[in-house]
Protein chains: 2
Amino acid sequence: MAINRTGPNMNAIAAALGVSAATVSNALSGKGRVSPELVEKVRAKAAELGYVPSLAARALRTGRTGVLGLVLPDIANPLFPQIAQAIENAASNAGYGVLIADSRGDIAMQTEAIARLLERGVDGMVIVPRRGTRIADVGCPVAVIDTPSTPGNTVAADHWGGGVQMGRHLAALGHRKVLLIGTNTSSNVQNDRIGGLKAGLGAGIECETLWIEKVEAAAGEGCPLGLAEKAADGFTAFAAVSDLSALRALTELQRAGIGVPEMVSVTGFDDLIWSPVVTPALTTIRMDMATIADLAVAALNRVISQDGEAEPAASGNVASETDRVPMQLIVRQSTGAPNSHALQPSNKPTAGELKS
Amino acid sequence: MAINRTGPNMNAIAAALGVSAATVSNALSGKGRVSPELVEKVRAKAAELGYVPSLAARALRTGRTGVLGLVLPDIANPLFPQIAQAIENAASNAGYGVLIADSRGDIAMQTEAIARLLERGVDGMVIVPRRGTRIADVGCPVAVIDTPSTPGNTVAADHWGGGVQMGRHLAALGHRKVLLIGTNTSSNVQNDRIGGLKAGLGAGIECETLWIEKVEAAAGEGCPLGLAEKAADGFTAFAAVSDLSALRALTELQRAGIGVPEMVSVTGFDDLIWSPVVTPALTTIRMDMATIADLAVAALNRVISQDGEAEPAASGNVASETDRVPMQLIVRQSTGAPNSHALQPSNKPTAGELKS
DNA sequence: ACGCCTTGCTTAAACGTTTAAGCAAGATAC
DNA sequence: GTATCTTGCTTAAACGTTTAAGCAAGGCGT
């Protein structure tokens, strides 16, 4: 069952109209030579019978499944919903289905996941590589979503540029000593964001980078990051490269009685789901995932369609046009001018101030 | 291209061994009558040639695609990664691929998404329905993941039971006035959780329910919830039915200078990604998504396999065995005994206390 | 020794589509 | 008026698998 069990096929339409199945096929696809009147009749009959083409048969004949694979390093990534939603939407608009594959953070499984998709006959795939890995030649068109600084990739947000925007924002507010917070040193994306932040802050500003994985390696997962001490050391802004880290910073600082934003500022990246609703709402940088997904799918589509003809680099990565999609700064309540009284926790806002 | 462009097919193996393609098929599937020695030779040859069966041809012949659809109300839901990962894993273990479809929170698109999956010939689907909707007969086996109180569904976490556990936890800590925080009144899941919370708290405890959608309807999205006033009114525990709301509550309270957990307690549901790393780490209730996904996929698998034979309720929902998977209470730092000094914000922890 | 069952394979058809090749009829060109 | 082109369709093969049906050979019971 499942497929189009009882559904009418092309022969049914052909029989009902007294023509051949080939003509029906041509009429519906607009490919061969069919008289306009007959095309219309075929269309009408197809609609009347509720005809639905068998994708399986088409796939068998044409070698195209109309399905794209989506490979993710770790579905548990909080950014994943945004990516999946955008890709699904873009693919759906382009007439593709999306098959997901999760590599659960494991590098070996990433290869295995790709193999599974390949066996299922995907026409192409979108890969968000596990940090630090490179995607080798896969055997089908591939679009990689990573960061522009990784060579040979296709489409990515301009993480560096986003960092620059945030750096400038903080500098403009008057911050002069900023703590940059990253999680993994091996992430190209994070390194780009940090590089951009430093560039945006400019030369006159003191910076230090705190890597969460290093702190946790010593003190255990979920340990405090010691940000209150950093604040006492004179840091007035905490710029995380992910909203998850920013949230961690925000709650740790608040818990220590340090007011955000009147004492110190906190910023993130990605505009994750909670960012607008925490108190204070997070100032962050948003990726234009819809555009990124559109570009990735369009690039794949181009290679897939063209593939039958020229076969220039049949199974290599999608072209080399490294698209760089701008990011957008979203200023909310977690940033403000640094306060000279920031050193000693005091002057908490009262409950009444909340509404403002 | 894409599919198994150059890959060897059954005829290649058959030709190499001097037998017929049918025999190869039987040998590999173990179905017909083939001598053990020949089976072995076929296996060896297949491996040698790197044979990969064409799923498209198989789908065409058998009417089974080996693909399950996953329909989600809104991929942006922060719980989605957990669900998708669990389903993908369970399906993958059962030999299925997973095609995703997002209904973007729109009820009309939910129907359309289901239709798209159906056209692609999925063998069955897992649906997480948009709150308030019921899934009508779809035309293929369906497993619904919702809550046991929705009739006719298949598999769900025991949201009520989870609420009971949390209610008991708070009652045991000594809380006597508890604010329950939900987002949407129309969510069956949330209503069950709230029902369970009330039951777990017991009769002697004062409860009030705050629905975020109502507050936001009046004051705008992302508005403060006025929790500091509630604390002043004597509420010592804030039990949200989602970690997202819990986080919102936690930050709002912290911002108002109300210490968690020494003044008031905050709890959530779902153990979302940030819950262990915020300060204080959230006490919450975790669903056993892996088990839920296994049950859903197993139920689908059963109906799909059996389908060719009996056709008892061919295209209805998967059996009526409403599985109820227990939830697990995770106690972290956001809950504690209520403090009589809770009414006036004071005695903030200093930065030094953080490490403890 | 004859019929019958079992074993191990083959032949052939089928799934529903696409597409190259072919062909008759009418239109156009000279 | 004949040769050529175009139009509008048909025929047939192909994609790679599964599976029902068939068939020859050998083993067994009587």
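Predicted, not measured: the structure shown is a model, and the values here were computed from it. So that the names make sense, note that chain A is the first sequence line, chain B the second, and so on, each numbered from 1.
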Apply side-chain contact (heavy atoms from CB on, under 4.5 Å) to residues Ser54(B) and Asn9(B) and explain how you reach the verdict. CA-CA 8 Å; Ser54(B) 157; Asn9(B) 54 19; over 6 Å; no
To the nearest 0.5 Å, what is the distance between OH (Tyr96(B)) and CZ (Arg120(A))? 9.5 Å
Spacing of CD belonging to Glu112(B) relative to OG belonging to Ser92(A), to within rounding of 0.5 Å: 7.0 Å
Separation of [N] [atom2] from [X] [atom1] (nearest whole Å):
X         : N       : atom1 : atom2 : result
Arg58(B)  : dC15(D) : CZ    : P     : 18 Å
Lys41(A)  : dG8(D)  : NZ    : P     : 14 Å
Lys31(B)  : dT10(C) : NZ    : C1'   : 19 Å
Arg33(B)  : dT6(C)  : CZ    : P     : 9 Å
Arg120(B) : dG16(C) : CZ    : C1'   : 17 Å
Glu37(A)  : dT7(D)  : CD    : C1'   : 12 Å
Asn9(B)   : dT17(D) : CG    : P     : 5 Å
Asn11(A)  : dT17(C) : CG    : P     : 8 Å

Val34(A) has its side chain closest, among dC9(D), dT19(D), dC9(C), to dC9(D)
After noting the C-alpha distance and the side-chain angles of Glu48(A) and Lys45(A), does the key distance pass the salt bridge (charged side-chain N to carboxylate O under 4.0 Å, His left out) rule? CA-CA 5 Å; Glu48(A) 177 193 333; Lys45(A) 203 67 183 177; 3.4 Å; yes
Result for 5'-nearest mapping on DNA chain C, choosing between Ala22(A) and Leu38(B), is Leu38(B)
Taking for each residue the nucleotide of DNA chain C bearing the nearest heavy atom, is the 5' side occupied by Ala21(B) or by Tyr51(A)? Ala21(B)
With a 4.0 Å limit, can you tell me whether [X] has a side-chain N or O closer than that to the phosphate oxygens OP1/OP2 of [N]?
X        : N       : result
Ser54(A) : dG16(C) : no
Ser20(A) : dT11(D) : no
Ser35(B) : dC9(C)  : yes

Using atom types as modelled and distance alone, determine if a side-chain donor or acceptor of Asp123(B) lies under 3.5 Å from a backbone N or O of Gly66(B). yes
